[in-house]
Visitor: 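For reference, the structure I am asking about is given below.
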Amino acid sequence: MAKIKFFALGGLGENGKNMYITEVDDKIFVLDCGLKYPSFDLYGVDGVIPDFSYLIENESKIQGLFLSHGHDEHMGGVVELLRKVNIPVFGTHFTISNVEWELEQKAIDKTNYKLYRINDDKELRFGEVVVTFFATSHSVPESLGIAIKTEDGTIVYAPDFVFSSSIDDKYETGYKNLTNLNDGNILMLASESLGVNNLTRVNNDFLFNQVINDALIKSKRIIFSMYSNDLNRIQKVVDMCVKNNRKIAIIGRNTQRIVSVGMSTGYLKIPQENFMNLRFMDEFNNNNLENLAVIIAGNRHEPYFMLQRMMTNQDRLIKIIPTDTVVTIAPPVLGTERIATRTHDQLSKAGCRVINVEKNILKSSHGDAEDLMMMYQILKPKYIIPIEGEYRHEYVQKKVALDAGYKEERIIMLENGDVLGFIDGVPSRDFNKVKTSDVLIDGSIVGDINEVVLHDRETFSREGAMIVVTNIDTVHHRIVSGPTIKTVGFGLELEKEISDNIINITYEVIYKELQMRELFDWEELKNKVKEGVTYELKSITRKDPVVIPVIIDVSGE
Ligand SMILES: [Zn+2]
């Protein structure tokens, strides 16, 4: 009979910054410690991590930090956390190697920390509580789901997973461990929501391979632009390049970790005779070899941003010329749609051959509704807590769970800091909210700040005020018009992307409040808008203008 608490310090209602706390009586188990990229990171080089105050105050109760996988959204905050609390860290060889790489980059001696490499068969005992793992299929190897077994049932954490029957052995799901977990007493499942909107399921890479192979055969120098966090896909492109006798170069300031850790752990394999380090090449010919395949990789906007640099003579290694073929394998994410379209336009204007590999032929590495239902079926949890994703993603998972036959009261929606308790296995919401906030950090992204960023920062050098106006109807719970933005003292007009972001944020905050509450606190609503907009502006412009939310009820009541 135990008192269990589950809450998030980050990761709910957002993409990234994942950090979930499970407390069993007086023992704290920390699941992941991620960072989030600012929503339009052209204008800032900071990352955002959770507020660790709760863990600092309760350090003596912490049994360990358990890492699911080597993506920044799940482990990008570990170095900052270890600076504050020196707790044991458990993860697979690949994941811990990523943590060590980050420590080395910051010249921190890793031997001062308790970093433990475990595999998916490991059982860790903490008194009555046992922590076990199961391998999940995701875009980086050695990804795990984590189970915390208590006398009142098991808490299962399943971030970033898909079920796939056509996946490399090294990325296979650990079905045995997963099915063994279900002893008829799974108390709750916290599972991701990021892929829940994918409606067209891609089951294999046949079409993708065909497109890439065809491009390789029919082109001279070829440039692939992709996301750096998808090691599995990078390896696939590398393999096809090797088969086509290509020299291969991988570039991008955020690829250093994945390349270095990938190679040292054997998950990224490029034959020596194919590998090419562009830095050592003749700069006068712009590295223009006909049999060269360049893989540029980065986060969020970077796959496109780097192409733009290559078109405008800003890149030291590559200048895009009309005989090039450019293959983009980076379906836009929220906030990068415009830069993606603009880049495609510019590439076409530059006269090169452009192949855009769209989402509908790419296998997703995040669970869709089918995957979620399969997870529910295998585990049969009593309670489901949708995690990881903007609120609308979590909400769709709720619908999926309802479709799967779960009763409304068995699906629990939480926000960061909301505590879900279980007293002797019975859920309870009678706990105070834990303080959460966004902490901005510098230097999470190692490398030089390029000229464009510096120039854009200059344009925002003057602080000003921003007024955000929205008309709402509190009777019918809807937004009537707006939000619209007026700025004062900004010097220049806001970039459309930024004002769109701010409008979206304001819209989401107000919309959510309107949906969720019968009566709402105007002060609180204004504060939420103010907080959201200020944070967004701060992370983009690093300035702190005065934000004035104006919300008008036009329902006539
Ligand atoms: Zn991931």
Side-chain angles (χ1 to χ4, degrees), residues 8 10-12 14-20 30-37 47-50 65-78 90-99 101-102 120 133-146 156-164 167-168 170-174 190-198 226-236 254-255 257-258 261-262 265 267-268 297-300 302-303 329-331 333-334 359 362-368 371-372 375 386-390 393-394 397 444:
L12 298 182
E14 59 189 343
N15 181 2
K17 206 164 127 272
N18 289 288
M19 192 174 210
Y20 306 92
V30 184
L31 303 169
D32 280 338
C33 178
L35 72 70
K36 182 167 75 170
Y37 295 108
V48 184
I49 55 170
L65 165 65
F66 304 83
L67 296 174
S68 64
H69 65 287
H71 277 156
D72 278 338
E73 289 82 356
H74 293 262
M75 53 132 290
V78 175
F90 301 91
T92 53
H93 176 57
F94 181 81
T95 307
I96 295 291
S97 301
N98 276 280
V99 172
W101 193 92
E102 289 290 336
D120 54 330
F133 307 89
F134 54 95
T136 53
S137 299
H138 189 40
S139 52
V140 284
E142 299 184 9
S143 295
L144 295 175
I146 302 169
V156 181
Y157 172 56
D160 296 22
F161 70 94
V162 281
F163 291 110
S164 172
I167 196 150
D168 307 357
K170 288 173 180 167
Y171 290 78
E172 269 177 13
T173 302
S191 58
E192 74 148 322
S193 314
L194 284 171
V196 77
N197 283 325
N198 295 337
M226 38 198 316
Y227 290 124
S228 53
N229 58 13
D230 200 333
L231 187 57
N232 193 14
R233 193 167 286 144
I234 292 175
Q235 180 67 63
K236 283 189 176 131
N254 283 329
T255 54
R257 188 176 90 205
I258 201 106
V261 177
T265 52
Y267 287 105
L268 180 62
N299 298 314
R300 291 185 57 82
E302 286 170 351
I329 317 172
V333 292
L334 193 71
K359 211 176 170 179
L362 294 173
K363 267 169 76 175
S364 172
S365 53
H366 292 283
D368 64 9
D371 295 305
L372 291 168
M375 189 61 96
I387 56 166
E388 268 204 276
E390 308 286 345
H393 300 129
E394 292 165 2
Q397 179 170 179
S444 64

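For the numbers below, each heavy atom of this structure counts, side chains included, while hydrogens, waters and symmetry mates do not. In listed order, ligands and their atoms are each counted from 1. Not measured: the values here are computed from a predicted model.
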Visitor: Only counting residues at least two apart or in another chain, list the ones meeting side chain to side chain contact (heavy atoms under 4.5 Å, CB included) with P50.
Guide: L9, K17, M19, F52
Visitor: Going by side chain to side chain contact (heavy atoms under 4.5 Å, CB included), name the residues that satisfy it together with S97, two or more places apart in sequence or in a different chain.
Guide: H93, R117, V261, T265
Visitor: Looking at the Zn ion (ligand 1), which N/O/S atom of D160 is the nearest one?
Guide: OD2
Visitor: Is it the case that the side chain of H138 and the backbone of F161 share a donor-acceptor pair, with hydrogens and angles ignored and the cut-off at 3.5 Å?
Guide: no
Visitor: May I ask you to check if any N/O/S atom from H74 comes under 2.8 Å of the Zn ion (ligand 1)?
Guide: no
Visitor: For H71, what is the atom name of its N, O or S atom nearest to the Zn ion (ligand 1)?
Guide: ND1
Visitor: Determine the interplanar angle of the F94 and Y267 rings, folded into 0 to 90°, and report it as parallel if under 30°, tilted if 30 to 60°, perpendicular if over 60°.
Guide: perpendicular
